[in-house]
Amino acid sequence: GRVGHAVSGGAFPAACCSGPTCQMSKRPATDDELMPPPGSSVRVPASYLPCKTFQGPRPGYFFRLGDTGPGYYVDRVARDAATRAMPPPPKRRKNAQELLADAEAKAGFTAGGGSGRGTESNAFADDSTVLDETGLRKLVLQFERRYAANQQLRLKHPHSPEKFVDSEVDLDESLRALSGLAGYPELYPEFCRLNAVPSILGLLSHDNPDISAHALELLHELTDADSVESHEQGGLALVTSFVKESGYEVLLASLVRFSKNELNSSEDASAVHHGLGIVENVLEIDPEQVGEMVARCDGGLPVWILKRATRSFGKKNAGDDDSVDDVRSYAAEVLAILCQTDNNEVKLLIGKDGGIDRLLRAVAPYKKKDPTNESEREWLENVFDAQCACLALPENRDLFVQNEGLELMLLLMRSKKHVRVAAIKTTDHALTNHKTGSERFVDALGLKSAFSAFMGKGKKKNPSKAESADVAAEEEERAVSVVASLFANLDSDGDAPRYGRLCAKFVEDDFAKCDRLCELWSSYVGKVAHVDAKLARDTRDGGVLEGADEDELYVERLGGGLYTLELLGSIIGSAYATKHEGIRARLLLQLEQNSDEVWDGNEDAALRLLRPVRNVLETHAENIGDVDGEETQMRRRMRVVKLIVALGGGRDEAREDEVWDGNEDAALRLLRPVRNVLETHAENIGDVDGEETQMRRRMRVVKLIVALGGGRDEAREDEVWDGNE
């Protein structure tokens with residue numbers, strides 16, 4: 001028969017059939033009539049209500065004869081439309097605990113602040129994650145909460161580690177999560193504003209050494225040069241906060257704590273390494289912090305680094321040849337960085353209380369052996385670098401001489417071991433502007449070793465190809481500097497015997513030292529000429545040094561060989577000033593071989609041959625600085641003037657073919673004879689009327705020399721000397 005349908009409660013005609021069951025009832029069916037009787041085995045689907053006849057409309061259903069039978073079936077389309085039309089239920093406001101849990105989940109942590117074991121708790125394990133100020137605040141909030149929870153549990157259960165071990169795992173995970181901040185130095189100011197640095201420094205003294213070690217590692221990562229390179233202000237903000245919160249004091253305590261067992265524990269050794277790394281990174285971010293390091297704890301941090309760099313644990317095992325551990329090597333590197341800063345306080349601190357003696361004792365064993373590996377070689381070089389930097393101060397040079405440092409350096413120079421060049425370098429620093437050291441060096445029979453290096457003898461046997469050229473060049477330059485310092489510090493009056501022994505070296509072996517001196521002069525003249533040609537190209541329009549001033553160009557020339565050439569010029573002048581006929585003749589003969597001039601015994605020819613030496617010395621005199629004071633500057637200039645006069649300066653040596661075309665260089669050449677005469681006059685001003693009068697007269701003549709081109713535009717015509725130093 002026909003089947004009637006009702007959609008969404010609408011009326012449909014029923015099927016036509018005979019019998020009372022097929023007639024439509026006018027009253028709606030009750031729920032009891034729609035449901036099967038109790039005890040029935042019929043299972044009623046949720047979407048179907050059985051009914052033999054249409055009993056009126058029912059909301060959400062329609063009547064039909066379906067697969068299951070006649071009855072009311074769910075109208076899904078109408079019900080979904082009605083559901084969408086309903087207004088959404090009001091949202092419940094979350095409490096603080098739920099908000100923090102959501103923030104942790106969004107950042108990648110497990111809800112509730114747990115350790116999240118079994119899941120990845122590091123929020124920045126994925127490189128694609130970007131940290132902003134909001135994320136940083138969440139990380140710091142979580143870290144502070146876990147830190148406080150751990151402290152509370154430790155105070156409540158000090159003798160029950162099992163009750164606070166989970167909180168320490170959580171705290172450690174928070175520390176590791178903060179390491180992601182290292183890639184965002186622009187957030188460091190906000191990190192400091194959130195006052196997180198004091199909490200991290202507090203963890204350095206945590207009872208759990210693993211927590212303290214991880215805190216050191218975090219600070220090392222945050223201060224790393226690569227991390228702060230893109231945002232210097234962020235690095236400075238972090239360093240400022242670190243210092244403000246007594247960071248150096250806490251760091252020193254941590255280094256002392258972990259160094260006690262570093263030999264037997266790789267974790268403790270790693271912690272000490274991170275602590276030293278913090279010092280290096282802080283100095284790279286702000287070199288001025290070296291003054292703060294000296295001021296805090298009476299300089300305890302630099303002194304600890306000195307002791308650690310010079311402390312030897314010996315062989316770890318019976319067959320182990322490596323006596324230099326990684327931490328000791330790194331400590332020596334940091335020590336060298338400290339000493340090579342411009343701060344003199346740290347040099348004095350290292351030098352006093354046996355510091356110079358410690359450095360000497362550290363290198364003494366190497367007069368009989370060579371470093372066994374690259375790590376030990378780097379450690380040895382860093383110790384020598386630190387010692388040379390400390391010798392920049394006269395006080396430390398005195399201590400070096402008192403501790404028999406020169407005698408040890410002579411033993412190292414004669415050993416022909418790896419330390420030979422480093423020993424010559426240290427001797428050079430010790431003798432610079434140090435009269436007592438030069439006298440001690442000659443008395444210790446050091447002239448033989450010095451001139452052996454000067455002649456290129458006594459080198460290490462079978463050097464590697466990589467180091468042979470560089471080592472030979474450095475040894476050559478250092479030996480020249482040592483000989484020049486001896487001539488500068490010894491004089492023919494007060495040190496006649498020592499000065500005579502020095503000059504005699506240029507006579508022995510048929511004037512071999514004179515030949516070597518002129519050979520080196522010719523070599524470095526070529527080097528400087530090559531550098532000058534390169535600078536001429538670089539200073540043209542579009543060159544890398546376009547617009548560079550004279551001081552910058554002079555520094556470039558010094559690095560290219562002019563510094564050593566000036567030293568060689570001073571040695572030639574000093575040897576020529578001895579007035580020894582044999583020395584003078586040999587020097588002129590050797591200079592003639594590399595010059596267009598011909599020396600026939602005539603004085604004018606000698607003056608022409610010596611002119612290039614005088615020119616180099618004049619340039620040197622013009623550029624002597626006043627770092628050590630005006631009095632020292634004047635004394636050094638006067639010594640160079642004496643050498644220029646000894647080489648013929650002040651004579652009538654004007655070139656007849658000189659033409660002035662308005663060029664400043666031509667004017668300087670034309671005025672050179674006048675300057676030479678004034679230099680001779682200044683040298684011979686006596687002290688009959690007292691030293692002050694002598695100095696005043698000399699100062700006036702020097703001003704005239706400068707006005708005529710000596711020292712270029714250094715003269716201050718309105719300067720008045722009133723006796724004040």
Side-chain angles (χ1 to χ4, degrees), residues 351 354-369 380 383-384 386-388 390-460 474-509 512-513 516-517 567 570-571 574-575 578:
I356 296 295
D357 184 59
R358 279 182 174 274
L359 294 172
L360 291 173
R361 290 180 182 274
V363 303
Y366 293 90
K367 62 179 179 289
K368 296 182 179 180
K369 65 176 184 177
L380 192 59
V383 171
F384 272 109
Q387 188 156 244
C388 290
C390 290
L391 291 177
L393 299 183
E395 297 86 347
N396 286 340
R397 292 199 290 270
D398 292 338
L399 291 172
F400 183 82
V401 173
Q402 293 172 12
N403 285 278
E404 299 182 350
L406 288 172
E407 287 80 357
L408 176 60
M409 294 304 112
L410 287 173
L411 291 175
L412 296 177
M413 290 166 62
R414 295 164 185 162
S415 67
K416 299 182 181 180
K417 298 293 183 180
H418 175 79
V419 295
R420 171 182 167 84
V421 177
I424 298 175
K425 174 183 175 182
T426 306
T427 303
D428 177 25
H429 284 272
L431 297 184
T432 301
N433 300 323
H434 198 250
K435 183 178 178 64
T436 304
S438 299
E439 295 172 352
R440 182 75 168 265
F441 184 81
V442 175
D443 294 341
L445 306 179
L447 290 178
K448 181 178 180 180
S449 299
F451 278 96
S452 176
F454 181 80
M455 297 295 292
K457 300 178 181 180
K459 298 180 181 179
K460 178 184 176 182
E474 183 176 6
E475 181 176 337
E476 184 178 88
E477 293 174 0
R478 293 295 178 182
V480 169
S481 183
V482 168
V483 176
S485 295
L486 291 173
F487 269 119
N489 297 326
L490 302 176
D491 57 71
S492 57
D493 297 330
D495 302 300
R498 299 185 182 94
Y499 186 78
R501 290 166 60 184
L502 175 61
C503 295
K505 286 292 180 180
F506 288 87
V507 178
E508 64 183 23
D509 296 333
K513 309 311 188 288
R516 174 63 172 171
L517 178 60
L567 294 178
S570 68
I571 296 175
S574 300
T578 61

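Count residues from 1 along the sequence. Keep in mind that what you see is a predicted model, and the values were worked out from it rather than measured.
Ring geometry for Phe506 against Phe454 counts as perpendicular: the plane angle is over 60°, on a 0 to 90° scale with 30° as the lower cut.
The OG atom of Ser452 sits 10.0 Å away from atom CZ of Arg414, with the distance rounded to the nearest 0.5 Å. Here NZ of Lys368 is found 11.0 Å from NZ of Lys417. Values are rounded to the nearest 0.5 Å. Rounding to the nearest 0.5 Å gives a distance of 7.5 Å between CG of Leu567 and OG of Ser485. Considering OG of Ser438 and OH of Tyr499, their distance stands at 13.0 Å, rounded to 0.5 Å. Here Arg420 contributes atom CZ and Ser449 contributes atom OG; the two are 8.0 Å apart, rounded to the nearest 0.5 Å. Between Leu410 atom CG and Phe441 atom CZ the span is 5.0 Å, to the nearest 0.5 Å.
In this structure, the side-chain hydrogen bond (donor to acceptor under 3.5 Å, both in side chains) partners of Glu407, at least two apart in sequence or on a different chain, are Arg440. In this structure Ser570 satisfies the side-chain hydrogen bond (donor to acceptor under 3.5 Å, both in side chains) test with no other residue, sequence neighbours excluded. Not a single side-chain hydrogen bond (donor to acceptor under 3.5 Å, both in side chains) links Lys367 to another residue, sequence neighbours left out. With sequence neighbours left out, the side-chain hydrogen bond (donor to acceptor under 3.5 Å, both in side chains) criterion links Asp509 to no other residue. Checked against salt bridge (Lys or Arg N to Asp or Glu O under 4.0 Å), Glu477 has no partners two or more places apart in sequence or in another chain. For the salt bridge (Lys or Arg N to Asp or Glu O under 4.0 Å) test, no residue two or more places apart in sequence or in another chain qualifies with Arg501.
Looking at heavy atoms from C-beta onward, Glu439 lies out of side-chain contact with Asn489 at the 4.5 angstrom threshold. The shortest side-chain heavy-atom distance between Asp491 and Lys435 falls under the 4.5 Å cut-off. In this structure, Phe384 and Leu412 have side chains that are in contact, with non-hydrogen atoms separated by less than 4.5 Å. Between Leu391 and Thr432 the shortest side-chain heavy-atom distance does not fall below 4.5 Å. Residues Val363 and Leu408 have side chains in contact (heavy-atom distance under 4.5 Å, counting atoms from C-beta outward).
A side-chain donor-acceptor contact under 3.5 Å links Asn396 to the backbone of Cys390.
Between Ile424 and the choices Glu474, Met413, Glu476, the side-chain contact (heavy atoms from CB on, under 4.5 Å) rule is met once, by Met413.
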